[in-house]
Amino acid sequence: MNDVHAAEQPRTEAVELRHLRGFLAVADELSFTHAADRLRVGQPALTRTVRALEESIGTRLLDRTTRQVALTDAGRRLRDDLAPLLTRIDTTLRTAAGAEPPLLRLGFTSVLPETCVPLTAAFKAATGAGVRLVRRDAPLAGLASGACDVAVVRGEIPPDSPVRSRLLLREPRTAVVARGAAELAGRRVVDWSELAELPLVVNTVTGTTRPELWPEGRRPRIACTADNFDEWLEAVAAGHGVGVATEPVARRHSHPSLRYVRLKNAPPVSVHLAVPARDAHPLAERYLAQFSDGSSG
């Protein structure tokens, strides 16, 4: 692709909604392959769509290599500004098409915490709105790209994230190992510090456990990485290394080739409810306000 020069005059009249939706999907997944699967289009077509958007506005939005896709500064700004706008457009179009009842999209990654069940029931009873569950193996559970209106986010939220949040709960961690693996063979309980000696399988997108959680100089080596939860699960089952998940996630994802080992002294995982920092959907604000006992982010 030819370099796109910011000095060129933008041709915004050529920008279509499909260009913006395509860009947001890639910004959410940080993968053209996964974004194309989500949009149910071919990867070459999606690549052309994003390239057309960059050429129209005269700015590079994504840095691409053979191994990864990353947002440029301009791409991050566009993603943050665009996501809430497209959400409002979609709501307006649905209303104009048939006066559908209001709908809140609740995003999550691997498992929705049980705490959200009564919270959602109370919200529906109080507002008459529907709730659609949206699973996304993406940072912030797809909130930044507009895939959902409010999100359940496990792990610490980066301070520069364009969201407001409340602490929902803290979940304990558990170790996950392949049946028959030499690591932790016969162990039912293990101390957190012992994992520093073992190879670690890391989910780099939505995982909450990385070597930096251990003291410097005594950290586990990364055996392999995965960029979504299902790949992470299969990598652990294949015996590539030890995984660490929260106990609720482990309970809900039984696997015949895996067993779970209780961890002592492991730092818990913070779970937050998050909404966009700007132009949050009114229903998302209402959902967040129900949970008044958390700490605001």
Side-chain angles (χ1 to χ4, degrees), residues 25-26 28-38 43 64-70 107-113 134-142 152-156 158 171-214 218-264 266-271:
V26 177
D28 191 9
E29 302 285 352
L30 293 179
S31 163
F32 277 88
T33 301
H34 294 157
D37 289 343
R38 182 169 124 193
Q43 185 176 334
R64 308 148 170 88
T65 69
T66 57
R67 298 178 61 88
Q68 66 179 8
V69 176
F108 65 103
T109 52
S110 51
V111 166
L112 193 66
V134 179
R135 176 180 169 177
R136 287 287 184 271
D137 281 323
L140 301 180
V152 177
V153 181
R154 283 183 170 87
E156 296 304 320
E171 296 177 335
R173 285 180 163 94
T174 189
V176 187
V177 293
R179 291 189 183 277
E183 292 87 3
L184 307 183
R187 301 286 297 275
R188 293 181 178 274
V189 182
V190 65
D191 192 87
W192 172 257
S193 63
E194 295 181 64
L195 296 186
E197 306 298 330
L198 302 176
L200 190 67
V201 178
V202 174
N203 178 347
T204 58
V205 177
T206 60
T208 57
T209 303
R210 303 195 183 193
E212 290 75 19
L213 289 175
W214 283 265
R218 195 168 187 275
R219 292 173 175 171
R221 69 174 179 86
I222 296 179
C224 69
T225 62
D227 60 9
N228 65 67
F229 179 81
D230 296 317
E231 288 179 4
W232 173 86
L233 201 68
E234 293 301 333
V236 177
H240 295 317
V242 175
V244 178
T246 67
E247 285 187 0
V249 170
R251 285 200 308 268
R252 292 280 294 276
H253 289 88
S254 60
H255 192 293
S257 298
L258 293 175
R259 66 185 186 90
Y260 304 96
V261 180
R262 186 164 64 86
L263 286 174
K264 294 191 305 180
V269 176
S270 298
V271 183

Trainee: Using a 4.5 Å cut-off on heavy atoms from C-beta on, say whether the side chain of Leu30 contacts that of Gln68.
Mentor: no

Trainee: Less than 4.5 Å apart, any side-chain heavy atom of Val205 and any of Glu231?
Mentor: no

Trainee: Testing the basics here: between Ser257 and Ala237, what is the closest heavy-atom pair and its distance to 0.1 Å?
Mentor: CB-CB, 4.0 Å

Trainee: Where is the tightest heavy-atom contact between Pro211 and Val202, given as atom of each residue plus distance?
Mentor: CD-CG2, 4.4 Å

Trainee: I would like to know whether Val236 and Leu258 meet side chain to side chain contact (heavy atoms under 4.5 Å, CB included); could you show each step before the answer?
Mentor: CA-CA 8 Å; Val236 177; Leu258 293 175; 3.6 Å; yes

Trainee: Quick check: does any side chain N or O of Arg135 sit under 3.5 Å from a backbone N or O of Leu112, one acting as donor and the other as acceptor?
Mentor: no

Trainee: Identify the two heavy atoms, one from Pro199 and one from Ala223, that lie closest to each other, and give their separation to 0.1 Å.
Mentor: CB-CB, 3.7 Å

Trainee: Looking only at heavy atoms, what is the nearest atom pair of Asp137 and Glu29, with distance?
Mentor: O-OE1, 3.8 Å

Trainee: For Pro113 and Val271, work out which heavy atoms get closest and say how close.
Mentor: CG-CG1, 4.1 Å

Trainee: Distance from Leu195 atom CG to Leu184 atom CG, nearest 0.5 Å?
Mentor: 6.5 Å

Trainee: According to the side-chain hydrogen bond (donor to acceptor under 3.5 Å, both in side chains) rule, which pairs have a member within residues 183-197, sequence neighbours left out?
Mentor: Arg187-Glu194, Asp191-Ser193, Asp191-Asn265, Glu197-Arg218

Trainee: Does any pair with a residue in residues 235-256 pass side-chain hydrogen bond (donor to acceptor under 3.5 Å, both in side chains), and if so which ones, sequence neighbours excluded?
Mentor: Glu171-Thr246, Glu234-His255

Trainee: To the nearest 0.5 Å, how far apart are CG in Asn228 and OG1 in Thr109?
Mentor: 11.5 Å

Trainee: First locate atom OG1 of Thr206, then atom CG of Leu140, and finally report the distance between them rounded to the nearest 0.5 Å.
Mentor: 11.0 Å

Trainee: Show the numbers, then the answer: is there a side chain to side chain contact (heavy atoms under 4.5 Å, CB included) between Val190 and Leu263?
Mentor: CA-CA 5 Å; Val190 65; Leu263 286 174; 3.2 Å; yes

Trainee: With a 3.5 Å distance limit and no angle check, can you tell me whether Arg219 reaches the backbone of Trp214 through a side-chain donor-acceptor pair?
Mentor: yes

Trainee: Identify the heavy atoms of Asp28 and Ala138 that sit nearest to each other, and give their distance.
Mentor: OD1-CB, 2.9 Å

Trainee: Check whether any side-chain N or O of Thr225 sits under 3.5 Å from a backbone N or O of Asn203 as a donor-acceptor pair, and report yes or no.
Mentor: no

Trainee: Step by step, work out the side chain to side chain contact (heavy atoms under 4.5 Å, CB included) result for Val69 and Phe32.
Mentor: CA-CA 8 Å; Val69 176; Phe32 277 88; 3.8 Å; yes

Trainee: Answer yes or no: is there a donor N or O on one side and an acceptor on the other, between the side chain of Arg179 and the main chain of Pro256, under 3.5 Å?
Mentor: yes

Trainee: Before giving the answer on side chain to side chain contact (heavy atoms under 4.5 Å, CB included), spell out for Trp232 and Val176 the whole-Å C-alpha distance, their side-chain angles and the decisive distance to 0.1 Å.
Mentor: CA-CA 11 Å; Trp232 173 86; Val176 187; 4.1 Å; yes

